[in-house]
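Okay, handing you the structure first.
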Amino acid sequence: MRFSESQLALPLAALFVTFFVAPLSVLVALSLVTEQGGNTFTAVHYIKFFTDSFNYSILFETLLLGLKATGVCLLFGYPIAWIAARAKARWQSVLIFLVILPILTSVVVRTFSWIVILGRQGILNQIVLGLGLSHEPVQLLFTEVGVVIVLAQVQMPLMVLPILTVLTRVDTNLADASRALGAGEWRTLWRVTLPLSLPGIVAGCILTYSACVTAFVTQTLIGGARLIYMPLQIYQQAIGANNWPFAAAISVIFMIAVLALISLFGMFGRRV
Amino acid sequence: MHRGHQLRLEGITHRFGEFVAVQGIDLDIAGGEIIALLGPSGCGKSTILRIVSGFISQTQGRVMFDGEEVDHLPPNRRAVGIVFQNYALFPHMTVRQNVAFGLEAQKWQRDRIAPRVDEMLSLVHMREFAERMPRELSGGQQQRVALARCLAVDPKVLLLDEPFGALDKNLRLDMQIEVKRLQREYGITTILVTHDQEEALSMADRIAVMSRGCIEQVSSPTEIYDQPATLFVNQFVGTTNIIPGELIESDATACRVRLVTGETLEATSRPGLHAGAKVVVSIRPEHMRLQDEFVPNCMRGSVKAVLPLGPYVLYEIELGAGATIKVSAPRRAAGDSLRALGQMVHAAPAKVAACLVFPSQ
């Protein structure tokens, strides 16, 4: 028996269909029935979602949270990647190790350490009070600022690694050429290095963004009960209210919204 | 046309940790002169280039433009133009934007930039390619753009870092002629860094041959070739035959050497070498004649290989004592008969001046 080359992709295709296409189809199908196990197709859950401003304010807040966390990640991640790209091999591996450290830690441990740091009697507040920067503890835990800080730290590797990869591939002569032509460090960064590392920035933003908006544990434990984001909302509808079709519907809406935003990033990356 | 700027390197030494990259480099380059730094890779020539352009600051010594020290100036304030081996055109900018980059960086008035870019592109015959991206250009075209970009900002010194290495042979010759034309037209002081001796010989007014971080000799191309100061220069530039021997007598101009083959040869004397010294004799293949009969001052051997290379024939001659030499003989007319393998011949230097002696290493 002879295999054509395309047949070699069959195992992968099977895996993809079983574990991605099939569940997704079930999810979409589930979102279109009135109740679990029912067989009447309806759009009632979608209508319910869009007629309740509480629901789409959660969606909006979640998408915005992703943007904020991605922005902070980029703001700190780019310089880290830039420094790592120029560092000597030994320092580069130390930096990379520090950056990927969060991935190597259990999500629960990592999140509770942040609670220790951000809490009212936490390390951060003790420093703030000790230095006299504020007379009373700053509320960070259970606020959006806290969530953004923690997300930015936790997802940092997803931002730094793609940018670092692109930066190390950019010809160092280009920056030298720019300098020799009379451009200072900033102009060189702005006109040469940054545009050339754009593919890495776009990839990093897409990865970070999709990880941030779906980070259930971080959002829930740092954000607390008052800050509700889409993953928690889906969880509550499915497990708490036992309303699986509605949970499925908002999952589909959430997925489409995130995909739309991500393709916007991608388009931006291609145009420049 | 304007007179170029004078460049002076004074006692430049640079160390990377323990490693001494360049040591005690003194070099005076006149305005408008083109000088080649020639040497094998790792000899420190690129380090000098980076010191002159300000990308590394030397451990010791001074760099001076027109008698003024520039060591405190960062690369973007030195007015040094560099053409890199891979041209380093900005891949995300058009040809026009590439050439305009330096002008913008140096805060030229907006309305003066476009005419200047056109002028520079015309100079290198690339005007019709102004809106192309670098990846759409051939190697030679990219190099023209790199030159235009570099010259647009009117640098004091032009540094060419192995600029022709990536071009194929015919194009390389065209570009060498082109670059030399531009260099003359602009009268710009130029340093050409290369490991290619032909490039150095054809392009440069003077050549500085480097080895292991030091300059071995700075001279005109013909002098480097005909009167090499050291054995290294002699062997690195052109090809030569090295035959060990012992100096038997020496006066102010000439000396006699007893070769390991037993024969004696007359050579140009070298100060500091006295009778009894172990030496090597160096004769270039094209400075020898093959003869059938014995003449005074020659080496006897048999033909071991015959390589007809078009305009000349290269013979490998086996002498006594295991020494072999190469002799190249011009072919004066078509149909000249070649010497046969195994034939006994006598190789004689064309002139005493063609025989050089160096201390044995």
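Note that the coordinates shown come from a computational prediction; the quantities given were computed from them, not determined experimentally. By convention in this document, chain letters (A, B, ...) are assigned in the order of the sequence lines, proteins followed by strands, and residues within each chain are numbered from 1.
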Exercise. So B:Ile82 and A:Asp176, side chain to side chain contact (heavy atoms under 4.5 Å, CB included) or not? Walk me through it.
Worked result: CA-CA 9 Å; B:Ile82 312 176; A:Asp176 286 354; 5.8 Å; no
Problem set entry | Residue part contacting chain B, namely of A:Ser178, when any heavy atom lies under 4.5 Å |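 For A:Ser178, backbone and side chain are both near chain B.
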Exercise. Taking B:Asn86, B:Val83, B:Val153 one by one, which has the highest count of heavy-atom pairs under 4.5 Å against chain A?
Worked result: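 Sorted descending by pairs with chain A, the first entry is B:Asn86.
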Problem set entry | side chain to side chain contact (heavy atoms under 4.5 Å, CB included) between B:Phe84 and A:Leu174, intermediate numbers included | CA-CA 9 Å; B:Phe84 293 89; A:Leu174 292 174; over 6 Å; no
Exercise. Take atom CZ in B:Phe16; do more than 12 heavy atoms of anything else shown fall under 6.0 Å from it?
Worked result: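 Enclosed.
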For this session: Report the C-alpha distance between B:Phe90 and A:Leu181 in whole Å, list the side-chain angles of each, state the deciding distance to 0.1 Å, and finish with yes or no for side chain to side chain contact (heavy atoms under 4.5 Å, CB included).
Result: CA-CA 12 Å; B:Phe90 303 124; A:Leu181 286 166; 4.2 Å; yes
Exercise. For A:Leu196, is it the side chain, the backbone, both, or neither that has a heavy atom closer than 4.5 Å to a heavy atom of chain B?
Worked result: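 For A:Leu196, side-chain heavy atoms alone lie under 4.5 Å from chain B.
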For this session: Inspect the surroundings of CZ in A:Phe216 and state if more than 12 heavy atoms from other residues, nucleotides or ligands are less than 6.0 Å away.
Result: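 For A:Phe216, atom CZ is crowded (more than 12 foreign heavy atoms under 6.0 Å).
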For this session: Can you see which heavy atom on A:Pro195 is nearest to which on B:His92, and at what distance?
Result: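 Closest pair (atom of A:Pro195, atom of B:His92, distance): CB-CD2, 3.5 Å.
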Exercise. Rounded to the nearest 0.5 Å, what separation is found between the CE atom of B:Met93 and the CZ atom of A:Arg191?
Worked result: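 If I round to the nearest 0.5 Å, the distance is 4.5 Å.
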Problem set entry | More than 12 heavy atoms of other groups within 6.0 Å of B:Gln60 CD |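 More than 12 within 6.0 Å, yes.
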Exercise. For B:Arg181, does the CZ atom have more than 12 heavy-atom neighbours from other residues, nucleotides or ligands under 6.0 Å away?
Worked result: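 Result for CZ/B:Arg181: enclosed.
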For this session: Working to the nearest 0.5 Å, report the span between CG of B:Asn76 and CZ of A:Arg187.
Result: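 It is 10.5 Å, given to the nearest 0.5 Å.
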Exercise. Side chain, backbone, both or neither: which part of B:Arg149 has an atom under 4.5 Å from a heavy atom of chain A?
Worked result: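 Contact with chain A: backbone and side chain both.
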Exercise. Nearest heavy-atom pair of A:Arg179 and B:Pro74: which atoms, and what distance?
Worked result: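 Residues A:Arg179 and B:Pro74, closest heavy atoms: NH2-CB, 4.3 Å.
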Exercise. With a 4.5 angstrom heavy-atom cut-off, which part of B:Leu89 approaches chain A: side chain, backbone, both or neither?
Worked result: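 Only the backbone of B:Leu89 comes within 4.5 Å of chain A.
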Exercise. When you look at CZ of A:Phe76, are more than 12 heavy atoms from neighbouring residues, nucleotides or ligands closer to it than 6.0 Å?
Worked result: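 Counting other residues, nucleotides and ligands, CZ of A:Phe76 stays at 12 neighbours or fewer.
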Exercise. At a heavy-atom separation under 4.5 Å, does B:Gln85 approach chain A through its side chain, its backbone, both, or neither?
Worked result: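 B:Gln85 has no heavy atom closer than 4.5 Å to chain A.
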